Amino acid sequence: MSQVRTRFAPSPTGYLHIGGARTALFAWAYARRHAGTFILRIEDTDLERSTPQAVQAILDGMQWLGLSHDEGPYYQTQRMDRYKEVIAQMLAAGTAYHCYTSKEELDALRAEQEAKKEKPRYDGRWRPEPGKTLPAPPAGVQPVVRFRNPLDGAVAWDDQVKGRIEISNSELDDFIIARADGTPTYNFCVVVDDWDMGITHVIRGDDHVNNTPRQINVLKALGASVPLYAHLSMILGDDGQKLSKRRNSVAVTDYAERGYLPEAVLNYLARLGWSHGDDEVFSMEQFVQWFDLDHITASAAQFNTEKLDWLNAHYIKQANDKRLASEVANRLAKRGVDPEAGPPLEAVVALYKDRAANLNELADALEPVVTFVHASPELQAQHLTDAARAALKSLRERFKAAADWKKIVLGPAIKDTCTEFGMKMPQVAIPLRVVLLGQPQSPAIDAVVEVLGRDETLRRLDAIL
RNA sequence: GUCCCUAUCGUCUAGAGGCCUAGGACAAUACCCUUUCACGGUAUGAACCGGGGUUCGAAUCCCCGUGGGGACGCCA
């Protein structure tokens, strides 16, 4: 078997879409699995809609996910000479021809066919046939170039995810491969690129299934070998509807902003439409070893944010504290909170990372530790009763007398206070949380007090009591 | 309208004719842990779209319906 070469070929008209990211992941994993080559190709022939910013956004998204390419990025706009060369060859070989039908005529034809409930298609009026007399080319009209699609028979391929697909050539019309201005069109560029780049496995979204027979026909006309195709079904939003920019987070960078770890997004995407038995949580190394085209689901998959959240929480628990601290520091800084203001972030992260589903939640939780947040009047009224205040004042004296600022000393100090006042643990611990953090819930209170430090703990106690 | 794809718990999925009284995961519910909130643990409920075949036997194969999606551009 020849060396595996796969490609990801986005068009730079927006951000790296979550569906595109999964396509890239699968193409990347397949190449890695087979020690092959993963190629990045930018399909920017649509000059109107392609932007350098979008190219950068795609590159950034790929980098965030860690999907590195071995070749490219290639840009179709830089390969124009090559496309024109192939078009000239096809014109000479008779596998393509000039068509002078104007857009207006085409529109009229389409309207007529739609009125008759027929499938809109080019009628072949400029297609040369033996014994057929073509009209005289109208003066001053720049022709387009059309591919001379076979009239009879069928095109078939064994799709690696959908099985055998066969399309009759009578369903296909002679599609345009070069516009009137001479620029080549998408379906043609893809063919030349896949051929020139030696792509062995075309792994792409299933919105391209209908393009495949055309592309295979051109490949054959060129005498090129036909790659294997694997068409991935699309990803639907949480609501079961097609993903939309308005309703869903579609850009991978949205997920970065929303506090997801790339390994969680990757793991989630890998399991969306692909499976390895009952395995749910696995590393990219493991994924690459397991990945195959045989276990890809043929039907569309609905995105489930709750499951992503669960995976993300899992990976946050696994992540090392230093990395999380740096992520949280960035987020706090953006909110105008000085990450250096409180105790060492790493120590606080260690205390809180089991309880956060994403980095923003983690930052939310750390904020009242890092900076002193006064409890709202409502919370104070609810929790800081006279009895509670008295107990906390006594506790403050115990804290002041603490020989060592450690949990093993601090914990008993709180318990002793409970005993002194005949209170249960929550009756002291919750008011203490309210004073120290401005909220009634936190991890184990002795651990919080320890990490907060002696000076800061006493300062906050003094400020409120 | 024509062509193409698709259909297992609410969701992601396992399942390649008997191993299926259909398994796992997320979510849900209950309990345990925790004298807080989470985390964690345990348990429970929850599905083969419908109808015909083929077969000794069908979630698995075939056909027809129905639902969902895609394509039909001088867009990609």
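All chains are named by letter (A, B, ...) in the order of the sequence lines, taking the proteins before the strands, and each is independently numbered beginning at 1. Note that the structure is a prediction, hence the values are computed from the model and not measured.
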*Asks:* Given U11(B), G73(B), A27(B), which nucleotide is nearest the side-chain atoms of R110(A)?
*Replies:* G73(B)
*Asks:* Provide the distance between the two C1' atoms, one in C33(B) and one in A38(B), to the nearest whole Å.
*Replies:* 12 Å
*Asks:* Using side chain to side chain contact (heavy atoms under 4.5 Å, CB included) as the criterion, list what pairs up with K117(A), not counting sequence neighbours.
*Replies:* none
*Asks:* Do T417(A) and I414(A) make a side-chain contact, defined as non-hydrogen atoms from C-beta onward lying under 4.5 Å apart?
*Replies:* no
*Asks:* Okay, side chain of R148(A), backbone of P128(A): is any donor-acceptor separation there less than 3.5 Å?
*Replies:* yes
*Asks:* Please tell me which of the listed nucleotides, C72(B), U6(B), G70(B), lies nearest to the side chain of M234(A)?
*Replies:* G70(B)
*Asks:* Between K117(A) and T297(A), which is nearer to the 5' end of RNA chain B once each is assigned its nearest nucleotide?
*Replies:* K117(A)
*Asks:* Does R433(A) or I176(A) map to a spot on RNA chain B nearer the 5' end, using the closest nucleotide for each?
*Replies:* R433(A)
*Asks:* Take atom P in G24(B) and the same atom in A7(B), then report the distance between them in whole Å.
*Replies:* 23 Å
*Asks:* Scan S168(A) against the nucleic acid and name what it touches under 4.0 Å (heavy atoms): base, sugar-phosphate only, or nothing.
*Replies:* nothing
*Asks:* From the set A27(B), C39(B), A76(B), return the single nucleotide nearest to any side-chain atom of K317(A).
*Replies:* C39(B)
*Asks:* I need the CZ-P distance between F303(A) and G69(B), as an integer number of Å.
*Replies:* 20 Å
*Asks:* With rounding to the closest Å, how many angstrom separate the P atoms on G53(B) and G15(B)?
*Replies:* 29 Å
*Asks:* When you get a sec, tell me which of C4(B), U35(B), C39(B) is the closest nucleotide to the side chain of V209(A)?
*Replies:* C4(B)
*Asks:* Assign A356(A) to base, sugar-phosphate, or nothing according to its heavy-atom contacts below 4.0 angstrom with the strands shown.
*Replies:* nothing
*Asks:* Closest approach to the side chain of V144(A), judged atom by atom: which nucleotide of G24(B), C74(B), C4(B) is it?
*Replies:* C74(B)
*Asks:* What's the CH2-P distance between W274(A) and G24(B), to the nearest Å?
*Replies:* 19 Å
*Asks:* Counting the atoms with a prime plus P, OP1 and OP2 as sugar-phosphate, which does H208(A) contact under 4.0 Å by heavy atoms, base, sugar-phosphate, or nothing?
*Replies:* base
*Asks:* Name the closest nucleotide to the D354(A) side chain, picking from G70(B), C39(B), A76(B).
*Replies:* C39(B)
*Asks:* Which listed nucleotide (C12(B), C26(B), C4(B)) is nearest to the side chain of E306(A)?
*Replies:* C26(B)
*Asks:* Which part of the nucleic acid, if any, lies within reach of N211(A) when heavy atoms closer than 4.0 Å are counted: base, sugar-phosphate only, or nothing?
*Replies:* base
*Asks:* Does the distance from a Lys or Arg side-chain N to an Asp or Glu carboxylate O, for D292(A) and R33(A), drop under 4.0 Å?
*Replies:* no
*Asks:* Quickly work out the N169(A) CG to C3(B) C1' distance and round it to whole Å.
*Replies:* 13 Å
*Asks:* Report which part of the nucleic acid R121(A) touches: base, sugar-phosphate, or nothing (heavy-atom distance under 4.0 Å, all strands).
*Replies:* nothing
*Asks:* Regarding G273(A), tell me which of base, sugar-phosphate or nothing describes its non-hydrogen contacts under 4.0 Å with the strands shown.
*Replies:* sugar-phosphate
*Asks:* If you measure from the P atom in A59(B) to the same atom in A25(B), how many Å do you get, rounded?
*Replies:* 24 Å
*Asks:* Quantified in whole Å, what is the P atom distance between nucleotide G67(B) and nucleotide C26(B)?
*Replies:* 35 Å
*Asks:* Taking the minimum atom-to-atom distance to the side chain of S11(A), which one of U2(B), A76(B), G70(B) wins?
*Replies:* A76(B)
*Asks:* For the residue pair Y97(A) and R127(A), establish whether any side-chain heavy-atom pair is separated by less than 4.5 Å.
*Replies:* yes
*Asks:* With sequence neighbours excluded, give me every salt bridge (charged side-chain N to carboxylate O under 4.0 Å, His left out) pair touching residues 357-371 of chain A.
*Replies:* R335(A)-D364(A), R335(A)-E367(A)
*Asks:* Round to the nearest Å and state the distance from D364(A) atom CG to A38(B) atom P.
*Replies:* 16 Å
*Asks:* How is K424(A) classified with respect to the nucleic acid when contacts are heavy atoms under 4.0 Å: base, sugar-phosphate, or nothing?
*Replies:* base
*Asks:* Determine the interatomic distance between P on G69(B) and the same-named atom on C32(B); round to the nearest Å.
*Replies:* 46 Å
*Asks:* Honestly, is R22(A) close enough over F26(A), meaning NZ or CZ under 6.0 Å from the six-membered ring centre and within 45° of the axis?
*Replies:* yes
*Asks:* Please report the distance, rounded to the nearest Å, between CG in L109(A) and P in G73(B).
*Replies:* 10 Å
*Asks:* Given atom NE2 of H276(A) and atom P of A25(B), what is their separation to the nearest angstrom?
*Replies:* 17 Å
*Asks:* Expressed in whole Å, how much space separates the P atoms belonging to C39(B) and G1(B)?
*Replies:* 50 Å
*Asks:* Could one point to a donor on the side chain of E118(A) or the base of G1(B) with an acceptor on the other under 3.5 Å away?
*Replies:* no
*Asks:* Between A22(B) and A47(B), how far is it from one C1' atom to the other, in whole Å?
*Replies:* 9 Å
